[in-house]
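Given the structure is predicted, the values throughout are model-derived calculations rather than measurements.
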Amino acid sequence: MTPLLAVALLLQQAPPAPPASADTAGRPCRVIIDSIGHSYREITGATGEKSAHGGGGVLGHCEGTGSTIAADSFAHYSALGRLDLIGRVQIRDTGLALDARTASYFLRDERLEAHNNVVAVNRRTGSVLRGPNLRYWRAAKGIRDTVEMYATSRPTVEYRQAEEGDSLEPYLIVADRIRFKGDDRMWAGGKVTVDRSDFASRSDSMMLDQTQGLGVLVRNPSVEGRGRQGTGGKGYTLVGTRIELALEQREVRLVKALGRGKATGADWVLTADTIHLVIADRVLQQTFAWGDSTRPNAISTLYTIQSDSLAIDSPGEVLTESRAFGRARSTAKRDSITPVADIDWIAGDSLTARFAQEQDSTGREQSRLRQILARGSARALTHHFDTRDSTVGPAINYSRGEQIAVAMKRDRIDRIVVAGKADGVHLEPRPAVAADSPRNATPAVPPPPPPIP
């Protein structure tokens, strides 16, 4: 941001300033007072220091530039190197537009402090800060090379980064304190909230660095993806010890939970040490998870998947495929009340599950499992019920092989194909016995399933 106020105050009338140009931007500014309302006086203190005071409306500009200042009154203390602006303060610069009730400019360290109803607009990016106070340090040779700003008492920032292709929808950021360095680096602390139509986050501290395309949330961080506005997207939530954001033109492209990650989507809940969510067009497209202390564990209404690492494809928030690697195991239930003894499972070095969209009884589209494929030391235990006789227990199949493919049809097993050194056992339920009398009646009891390896 270019200079705002003077290193010297010239109390004299001056013609209007010419437009600012590139070669004058950034040089020290000499404030020219264009007009003073109805009063002006100079005061000499006991030790000989002088101060100048003006009221009734003061207008000025920065000599040789288009920067302007306005206030109801001013006071200049030469010994202190301070210029005070009081009442309806307006500062307009090529890089910043500032409004406040009062402001003080400290000439020696090029610092501006504004108070009471502060509104600061970054004219290059379009970002707007509103709050009770603002400290602004301008770039000055030999003092600092980058503009800095600091605000406290829960300021609100409409954070923009006006670039080609930017949607211009701002992130609304609120925190106990916010610090800026240049146009593209920001830190926030104390109950930090970030909101936009497609995204929200909560944390105790946050850092954004547009130069690196990086955002970091720490201390109880959480992120919520809300999908594209007006599309009824399913969305997701993510929590973890630390959350990092990969940014491109202010759009979130990747959300990473590092430590104790938990992601919740419309179709599943996933826990793991590390979880990466890939975002495009403001919706979730892919999920990756891995970990040692907490292995990936994905749970849906009817299915679970556990493994050393896991990848889930959900283009446009539609679940299509999951791939599990390393000690992979999946379970499946027929419905939400399936007893533990009737739960199917399949395991292998890797598992690939493919899903398709089908309508449920309410007509709502949901992802249903169509096929699950186990590779490498594959094992599977499945239960097969007689749809014509619900009084008969299920047939139980235990299979082993290099590869097992299970095809599903409306959440029921349609067929199982085992390949490569295949073996196993298939147990049919004992048929029911018609009893002549209670004495010779023998109940039909299905045999116990083989042990789970």
Within-4.5 Å side-chain heavy-atom neighbours: [X] and [Y]:
X	Y	answer
T287	I275	yes
S127	Y159	yes
M206	W187	no
V406	I346	yes
I413	M408	yes
D292	D273	yes
V318	Q357	yes
L96	V121	no

- Message: For R242 and E244: C-alpha separation, side-chain torsions, deciding distance, then whether salt bridge (Lys or Arg N to Asp or Glu O under 4.0 Å) applies.
- Response: CA-CA 7 Å; R242 171 188 172 103; E244 293 185 358; 2.9 Å; yes
- Message: The criterion is salt bridge (Lys or Arg N to Asp or Glu O under 4.0 Å); which residues satisfy it with R375, sequence neighbours excluded?
- Response: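 If we apply the salt bridge (Lys or Arg N to Asp or Glu O under 4.0 Å) test to R375, skipping adjacent residues, there are no hits.
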[X] to [Y] - nearest heavy-atom pair and separation:
X	Y	answer
S309	S307	O-OG, 2.6 Å
R226	A200	NH2-CB, 3.3 Å
L369	Q371	CD1-O, 3.5 Å
A103	L112	CB-CD1, 4.0 Å
D183	T125	CB-CG2, 4.0 Å
L217	S222	CD1-O, 4.3 Å

Using a 3.5 Å distance criterion without hydrogens, assess whether the side chain of [X] forms a donor-acceptor pair with backbone atoms of [Y].
X	Y	value
R177	A175	no
R154	G190	yes
Q285	G316	yes

Working to the nearest 0.5 Å, report the span between [atom1] of [X] and [atom2] of [Y].
X	Y	atom1	atom2	value
K50	S78	NZ	OG	8.5 Å
L80	S104	CG	OG	10.5 Å
Y105	L83	OH	CG	9.5 Å
I305	I372	CD1	CD1	6.0 Å
W268	S322	CH2	OG	11.0 Å
I279	L247	CD1	CG	12.0 Å

- Message: Is there a side-chain contact (heavy atoms from CB on, under 4.5 Å) between F288 and L277? Walk through the geometry before answering.
- Response: CA-CA 7 Å; F288 300 97; L277 305 181; over 6 Å; no
- Going through the checks in order, is the side-chain contact (heavy atoms from CB on, under 4.5 Å) test met by Y150 and W137? CA-CA 9 Å; Y150 182 71; W137 293 265; 3.8 Å; yes
Any ion pair linking [Y] and [X] (charged N to carboxylate O, less than 4.0 Å)?
X	Y	result
D99	R92	yes
D109	R138	no
R185	D209	no
E169	R282	yes

- Applying side-chain contact (heavy atoms from CB on, under 4.5 Å), run through D34 and H61 and close with a yes or a no. CA-CA 7 Å; D34 300 313; H61 71 271; 2.9 Å; yes
If you count the non-hydrogen atoms of other residues, nucleotides and ligands that lie under 6.0 Å from [atom1] in [X], is the total more than 12?
X	atom1	result
N220	CG	no
D335	CG	yes
R334	CZ	yes
K333	NZ	yes

- Task: Could you list all the salt bridge (Lys or Arg N to Asp or Glu O under 4.0 Å) pairs where at least one residue sits in residues 304-315, not counting sequence neighbours?
- Result: R295-D308, D308-R327, D313-R323
- Residue pairs meeting salt bridge (Lys or Arg N to Asp or Glu O under 4.0 Å), one or both in residues 71-85, sequence neighbours left out, come to D72-R88, R82-D84
- Query: Is it true that the NZ or CZ of R196 lies under 6.0 Å from the centre of Y171's six-membered ring and within 45 degrees of the ring axis?
  - Reply: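 Relative to the ring axis of Y171, which defines the angle, R196 lies inside both limits.
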- Query: With a distance cut-off below 6.0 Å to the six-membered ring centre and an angular limit of 45° from the axis, does R111 pair with F106 as a cation-pi contact?
  - Reply: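 Yes.
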- Applying side-chain contact (heavy atoms from CB on, under 4.5 Å) between V194 and each of I173, L245, V157, report the one that passes. I173
- Item | Evaluation steps, side-chain hydrogen bond (donor to acceptor under 3.5 Å, both in side chains), between T102 and N116 | CA-CA 7 Å; T102 63; N116 202 336; over 6 Å; no
- Item | Centroid separation Y77 to H53 less than 6.0 Å |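 So the answer is yes for these two rings.
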- Message: Checking V223 against F199 for the side-chain contact (heavy atoms from CB on, under 4.5 Å) test, could you report, in this order, the C-alpha distance in whole Å, the side-chain angles of both residues, the deciding distance, and whether it holds?
- Response: CA-CA 7 Å; V223 167; F199 177 90; 3.4 Å; yes
